[in-house]
Number of protein chains: 2
Amino acid sequence: MANLETTGFLPHIAYDSVIFGFSGEKLKILLIEYHKTGWLALPGGFVKVNETLDEAVKRGLLERTGLDQIFLEQFYTFGSIERVRPDIMKQILSAHQEDLPKDHWLLDRFISIGYYALIDYDKVEPTPDAFSDSINWYSVDEIPDLLFDHNFIVKKALDHLRTHLDQKLLSVNLLPERFTMKELQQVYEAILGEKLNRANFQRKMLSLGILERHEKLYAGGSHKAPYLYSLKKKA
Amino acid sequence: MANLETTGFLPHIAYDSVIFGFSGEKLKILLIEYHKTGWLALPGGFVKVNETLDEAVKRGLLERTGLDQIFLEQFYTFGSIERVRPDIMKQILSAHQEDLPKDHWLLDRFISIGYYALIDYDKVEPTPDAFSDSINWYSVDEIPDLLFDHNFIVKKALDHLRTHLDQKLLSVNLLPERFTMKELQQVYEAILGEKLNRANFQRKMLSLGILERHEKLYAGGSHKAPYLYSLKKKA
DNA sequence: TTACTATTGTTTCAATCAGAAACAATAAAT
DNA sequence: ATTTATTGTTTCTGATTGAAACAATAGTAA
């Protein structure tokens, strides 16, 4: 990671990313733990002067998940004043390098742009960055207290995800390339937090006309084998 | 307006507001014209170090429209790199005050948070700010070339408005306190850009259960008089 | 081979909703 | 009283949705 002492970053501007994954049962997000302080927080970062906002977030995502080409979308920008906590920032940073000048840009007020990403849980090997001790998955229904307003950011991201679930079958981004109808339904249920009717779910998904049916998946169960589906590539 | 020479603003951060009004026939937005240069642009501004993002936008809105307590919502943050145009900024600013130091923060790259506002067209007397010659209404289907990426911002705002039209009857914010069903339908049609079926529209709106019916409006037409409606105040 | 079982894909049936048209009411002008 | 334009409501039909029943089938066990 770049040395933050160097200029080259836009001051006062940060991003926070809510990275969703589906474990096969539960919807989860990635949280990092800052050096020494023990603070849990969303993976975030800063924007270089010569890169786009989107590029900055993609860069951070690649560093932490090793994944490129993933679904990524901005959902809200957080600009309240309570987001300045020079004491905490100092603690976090001092664990990493020499203490900073009193007026360093990192100790100032930030506005943060919230992004959410949808990734294939099994494809990623989360790796902590220079400022964090660990990075781990947490179920969205068991999120502990987070740094700053990050709990609020998670809530907003979840709201956004729920209300936009249907558009273009967003949720397939949480599954591998090919998946069964049951898996798709489980993702929906994990995101919405409620059970759905099986027959109606299948009818609705198929009626969208954007799923392609492939060969069956013989998983060894003593029952009818389900078809595999993928997103139809648009013409 | 505050002198921009003084510090007290967050550098690199701006907002642009898309202010919608309904003329009784067409959906319109407010555009300003910058001093001398003739550039048309969205009304925007900067954020003070001790104010919230929302507060900053409200402040600018109050100055330009005289309106307080209006519907205001953030919809997207624009962070591309092409948003830096020191030449144009210099032109605009030099028309207003002495020339600026080469490294002035106003000449730097900005990230801009887009807000949209819905206001009662007839209640507002638009007033230009210190940097603009004029502020006027323009139909959304006849927007001329604007500064920077402002045409794109307008497009995004319209998209957002269209897809969120139904939630809590957003569009009533474009009408006076009391309105007829026909007026409400006309707002919908102006926003969506298509004609709607009268009977179904009325049924749908009433079924939402959030409209209160008041006395009739005798407007002098030789036909049945329409009822006036208002948004039901929530219990 | 032949039941048996669990799961999946599909169909059916009723209830609800949505789009189009017809019908009914009415305020003002003639 | 008649006419006209507009508004409020109902009716009819077809589409959509929710719940349950039915049908197919891959493995297991007798």
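Bear in mind the structure is a predicted one, so any value in this text is a computation, not a measurement. Numbers restart at 1 for each chain; the letters A, B, ... are given by sequence-line order, proteins then strands.
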Under 3.5 Å, sequence neighbours excluded: what are the donor-acceptor pairs made by side chains of residues 65-74 of chain B?
residue, atom, partner, partner atom, Å
Thr65(B), OG1, Leu61(B), O, 2.7
Thr65(B), OG1, Leu67(B), N, 3.1
Glu73(B), OE1, Tyr116(B), OH, 3.0

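- Contacts of residues 162-169 of chain A with DNA chain D (heavy atom under 4.0 Å): none.
- Within residues 218-228 of chain A, the residues having any heavy atom closer than 4.0 Å to DNA chain D are, in order of number, Tyr218(A), Gly220(A), Gly221(A), Ser222(A), His223(A), Lys224(A), Ala225(A).
- For Arg213(B), the salt bridge (charged side-chain N to carboxylate O under 4.0 Å, His left out) test picks out no residue, with sequence neighbours left out.
- Of the residues in residues 188-205 of chain A, those with a non-hydrogen atom less than 4.0 angstrom from any atom of DNA chain C are Arg198(A), Ala199(A), Gln202(A), Arg203(A).
- The separation between Phe179(A) atom CZ and dT8(C) atom P is 15 Å, rounded to whole Å.
- Residue pairs satisfying the salt bridge (charged side-chain N to carboxylate O under 4.0 Å, His left out) criterion with at least one member in residues 151-164 of chain B, sequence neighbours excluded, are listed as follows: Lys155(B)-Asp159(B).
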List the atom pairs, donor and acceptor, that lie under 3.5 Å between side-chain atoms in residues 214-226 of chain A and the rest of the protein, sequence neighbours left out.
residue, atom, partner, partner atom, Å
His214(A), ND1, Arg178(A), NH2, 3.4
His214(A), NE2, Ser230(A), OG, 2.6
Glu215(A), OE1, Arg178(A), NH1, 2.9

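- In this structure, Lys182(B) does not reach the dT6(D) phosphate: none of its side-chain N or O atoms is under 4.0 Å from OP1 or OP2.
- Taking the six-membered ring for Trp and thresholds of 30 and 60 degrees, His164(A) and His160(A) have nearly parallel ring planes, at less than 30 degrees apart.
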Would you mind writing out the side-chain donor-acceptor pairs for residues 139-149 of chain A within the sub-3.5 Å range, not counting sequence neighbours?
residue, atom, partner, partner atom, Å
Asp149(A), OD1, Arg83(A), NE, 3.4
Asp149(A), OD1, Arg83(A), NH2, 2.9
Asp149(A), OD2, Arg83(A), NE, 2.8

Throw together a table of side-chain donor-acceptor distances under 3.5 angstrom for residues 184-194 of chain A, partners on residues two or more places apart or in other chains.
residue, atom, partner, partner atom, Å
Gln185(A), NE2, Glu189(A), OE2, 3.1
Gln185(A), NE2, Leu196(A), O, 2.9
Tyr188(A), OH, Asp166(A), OD1, 3.0
Glu189(A), OE2, Leu196(A), N, 2.9

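- The aromatic rings of Phe152(B) and Phe78(B) sit perpendicular to each other, their planes meeting at more than 60°, with 30° as the lower class boundary.
- One atom, CG of Leu206(B), and another, C1' of dC17(C), lie 16 Å apart when rounded to the nearest Å.
- Atom NZ of Lys216(B) and atom P of dT6(D) are 16 Å apart (whole Å).
- Residues passing the salt bridge (charged side-chain N to carboxylate O under 4.0 Å, His left out) test with Asp122(B), sequence neighbours excluded: none.
- Rounded to whole angstrom, the span from the CZ atom of Arg213(B) across to the P atom of dT7(D) amounts to 13 Å.
- Taking Glu51(A) as the reference, Arg59(A) meet the salt bridge (charged side-chain N to carboxylate O under 4.0 Å, His left out) condition, with sequence neighbours excluded.
- Applying the salt bridge (charged side-chain N to carboxylate O under 4.0 Å, His left out) rule to Asp54(B) yields no partners; only residues at least two apart in sequence or on another chain are considered.
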